[in-house]
*Asks:* 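Sending over a structure as structure tokens; questions will come in a sec.
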Amino acid sequence: MPVQVEIWTDINCPFCYLGKRRFEQALADFEHRDQVQVVHRSFELDPTLPVEHSGPVIAHIAEKYGISEAQAAANERGIAAQARELGLPYRTEGRDFGNSFDMHRLLHYALAEGRQEQLLDALYEGNFADEAPLFGDPERLVEVASRAGLDPVAVRAVLDDPEAYAEAVRADEETAARMGARGVPFFVFDRTYGVSGAQPPEVFGQALARAWADREPAVQMFGAGDACGPDGCAVPDPAGRD
């Protein structure tokens, strides 16, 4: 069985965007990467927002953390610098934020279609790189999902049914709460080891190695005696000497 890595994220979260790339860098260097299964789980940073909400990020950050908009803009530029180091585009002005529940429902639909990774990348691109706002517009979600290779008619059907995949989203969030996750990104390896935040690739590499080692535990030896091997068998001393 492969190592399973579950990643709780929210599209609003810039560190989820960075953390995904850093994890991918670690996975690319992992010897057993073909034996790792990645599943993206749902986590809403602000589930109280109306579905149709869309607001400017800078003003939201300033209000949430009690800082000036100039400070919030500086924070955004700092995150953009980290993104550039990872080869990721990041717009520091004009982005919006909003309710992400429908996006998470679509990610579960995409998982069933075998396109979850592609949709998550498209949503991140839509939020952090595109000029057009992402939140509060179902047709914008249809356009982004189509970019990920999903059928636009089927995507509209999911969006038009508020209960489609809703229980899957809620189940992910309940699991995260039981595990003690209070923020994202939150990575869980085989439901045994957790990594919180957009850590360096080395940290993810250590977690992958540890999870893999647990699947093939080393045998603890208790003494050694005469045995046979590829080069033959141990030959007893005829004089009875050691």
*Asks:* Is any NZ, NE, NH1 or NH2 atom of the basic residue among Arg95 and Glu131 found under 4.0 Å from an Asp or Glu carboxylate oxygen of the other?
*Replies:*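 Not counted as a salt bridge, because no side-chain N and carboxylate O are separated by less than 4.0 Å.
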*Asks:* Using the rule that two of Ile, Leu, Val, Met, Phe, Trp, Tyr join whenever any of their side-chain heavy atoms come within less than 4.5 Å, decide whether Ile11 and Leu49 are in one cluster.
*Replies:*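 No, it is not one cluster - the side chains of Ile11 and Leu49 are not joined through contacts under 4.5 Å.
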*Asks:* Is Glu174 paired with Arg170 through a side-chain N to carboxylate O contact shorter than 4.0 Å?
*Replies:*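 Answer for the salt bridge query: no.
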*Asks:* What pair of heavy atoms forms the shortest contact from Ser100 to Glu44, and how long is it?
*Replies:*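 So the minimum-distance heavy-atom pair works out to OG-CG, 4.0 Å.
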*Asks:* Could you report the tightest heavy-atom contact between Arg147 and Glu125, atom names first, then the distance?
*Replies:*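 Smallest interatomic distance, heavy atoms only, reads NH1-CD, 3.5 Å.
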*Asks:* Are side-chain heavy atoms of Arg105 and Tyr109 found at a separation under 4.5 Å?
*Replies:*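 Not touching, per the 4.5 Å side-chain cut-off.
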*Asks:* Any carboxylate oxygen within less than 4.0 angstrom of a Lys/Arg side-chain nitrogen, looking at Arg156 and Glu139?
*Replies:*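 Looking at Arg156 and Glu139, the cut-off is met.
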*Asks:* So which atom in His104 and which in Asp10 form the shortest heavy-atom distance, rounded to 0.1 Å?
*Replies:*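 Closest heavy-atom pair between His104 and Asp10: NE2-OD1, 2.9 Å.
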*Asks:* Could you tell me whether the side chains of Glu117 and His40 share a donor-acceptor contact shorter than 3.5 Å?
*Replies:*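 Yes, His40 and Glu117 have a side-chain donor paired with an acceptor closer than 3.5 Å.
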*Asks:* Is there a side-chain contact between Val5 and Val188, using heavy atoms and a 4.5 Å cut-off?
*Replies:*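 Result no, sub-4.5 Å side-chain heavy-atom pair not found.
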*Asks:* Just wondering, do Tyr65 and Gln71 contact through their side chains at under 4.5 Å, heavy atoms?
*Replies:*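 They are not in side-chain contact.
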*Asks:* Are Val203 and Leu27 co-members of a hydrophobic cluster defined by side-chain heavy atoms under 4.5 Å apart?
*Replies:*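 They do share one cluster, since a chain of ILVMFWY contacts under 4.5 Å joins Leu27 to Val203.
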*Asks:* Transitively linked via ILVMFWY side-chain contacts under 4.5 Å: Val3 with Val38?
*Replies:*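 Yes, Val3 and Val38 fall within the same hydrophobic cluster.
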*Asks:* When rounded to the nearest 0.5 angstrom, what is the spacing between CG in Asp160 and CG in Asp102?
*Replies:*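 Spacing of CG (Asp160) from CG (Asp102) equals 10.0 Å.
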*Asks:* Quick one, Phe23 and Gln25 - any side-chain contact, counting heavy atoms below 4.5 Å?
*Replies:*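 Not touching, per the 4.5 Å side-chain cut-off.
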*Asks:* Checking the side chain of Arg33 only, and the main-chain atoms of Phe30 only, is there a donor and an acceptor separated by less than 3.5 Å?
*Replies:*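 Between the backbone of Phe30 and the side chain of Arg33 there is a qualifying donor-acceptor contact (under 3.5 Å).
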*Asks:* Would you mind checking if Asp190 and Arg215 are paired as a salt bridge, meaning a charged N to carboxylate O distance below 4.0 Å?
*Replies:*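 A salt bridge is present here (some side-chain N lies under 4.0 Å from a carboxylate O).
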*Asks:* Within this structure, what is the CG-OG distance for the pair Asp137 and Ser54, rounded to the nearest 0.5 Å?
*Replies:*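 Reported value, rounded in 0.5 Å steps: 9.0 Å.
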*Asks:* Per the side-chain contact (heavy atoms from CB on, under 4.5 Å) rule, which among Leu141, Leu150, Leu123 passes with Leu106?
*Replies:*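 Looking at Leu141, Leu150, Leu123, the match for Leu106 under the side-chain contact (heavy atoms from CB on, under 4.5 Å) is Leu141.
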*Asks:* Scan side-chain atoms only and decide if Tyr90 and Glu76 contain a donor-acceptor pair under the 3.5 Å cut-off.
*Replies:*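 Short answer, yes.
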*Asks:* Would you say Phe135 and Asn99 make side-chain contact, with heavy atoms under 4.5 Å?
*Replies:*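 Result no, sub-4.5 Å side-chain heavy-atom pair not found.
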*Asks:* Do Arg140 and Asp96 meet the salt-bridge criterion of a basic N to acidic O distance under 4.0 Å?
*Replies:*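 Result for this pair is no, no salt bridge flagged.
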*Asks:* Could you tell me the separation between the CZ atom of Phe43 and the CH2 atom of Trp8, rounded to the nearest 0.5 Å?
*Replies:*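 Spacing of CZ (Phe43) from CH2 (Trp8) equals 10.5 Å.
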*Asks:* For the residue pair Pro185 and Ala198, what are the closest heavy atoms and their distance?
*Replies:*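 Looking at all heavy atoms of both residues, the closest pair is CG-N, 3.8 Å.
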*Asks:* Return the minimal non-hydrogen interatomic distance between Ile58 and Ala73, and the atom names on each side.
*Replies:*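 Taking every non-hydrogen atom into account, CD1-CA, 3.7 Å.
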*Asks:* Decide yes or no for His108 and Val169: does some side-chain heavy atom of the first lie under 4.5 Å from some side-chain heavy atom of the second?
*Replies:*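 Of all side-chain heavy-atom pairs linking Val169 with His108, at least one is under 4.5 Å.
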*Asks:* In this structure, would Leu159 and Tyr165 fall into the same cluster of hydrophobic residues linked by side-chain contacts under 4.5 Å?
*Replies:*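 Yes.
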*Asks:* Provide the closest heavy-atom pair for Phe189 versus Ala211 in the form atom of the first, atom of the second, distance.
*Replies:*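 For Phe189 versus Ala211, the nearest heavy atoms are CB-CB, 4.1 Å.
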*Asks:* Could you state the interatomic distance from CD1 (Ile7) to OG (Ser42), rounded to the nearest 0.5 Å?
*Replies:*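 So the gap between those two atoms works out to 12.5 Å.
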*Asks:* Do Leu45 and Phe186 sit in one hydrophobic cluster, given that two such residues count as connected whenever their side-chain heavy atoms are within less than 4.5 Å of each other, even indirectly?
*Replies:*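 Yes, it is one cluster - the side chains of Leu45 and Phe186 are joined through contacts under 4.5 Å.
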*Asks:* Evaluate the ring planes of Phe128 and Tyr124, with Trp represented by its six-membered ring, and classify them as parallel (under 30°), tilted (30 to 60°) or perpendicular (over 60°).
*Replies:*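 Phe128 vs Tyr124 ring planes: tilted.
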*Asks:* Using only heavy-atom distances, determine whether the side chains of Asp214 and Tyr193 contain a donor-acceptor pair under 3.5 Å.
*Replies:*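 Side-chain D/A pair, Asp214 to Tyr193: present.
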*Asks:* Any carboxylate oxygen within less than 4.0 angstrom of a Lys/Arg side-chain nitrogen, looking at Glu173 and Arg41?
*Replies:*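 No salt bridge links Glu173 with Arg41.
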*Asks:* Say you draw a straight line from CG of Leu107 to OG1 of Thr9; how long is it, rounded to the nearest 0.5 Å?
*Replies:*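 Nearest 0.5 Å value for the CG-OG1 distance: 7.0 Å.
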*Asks:* Hey, would you say the Phe204 and Phe187 ring centroids sit under 6.0 Å apart?
*Replies:*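 Phe204 vs Phe187: aromatic centres under 6.0 Å.
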*Asks:* Heavy-atom distance under 4.5 Å between the side chains of Arg91 and Val57, does that happen here?
*Replies:*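 They are not in contact (no side-chain heavy atoms under 4.5 Å apart), so the answer is no.
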*Asks:* Less than 4.5 Å apart, any side-chain heavy atom of Leu86 and any of Arg22?
*Replies:*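 Leu86 vs Arg22: side chains touch.
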*Asks:* Between OH of Tyr17 and CG of Asp121, what distance do you get to the nearest 0.5 Å?
*Replies:*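 So the OH of Tyr17 and the CG of Asp121 are separated by 9.0 Å.
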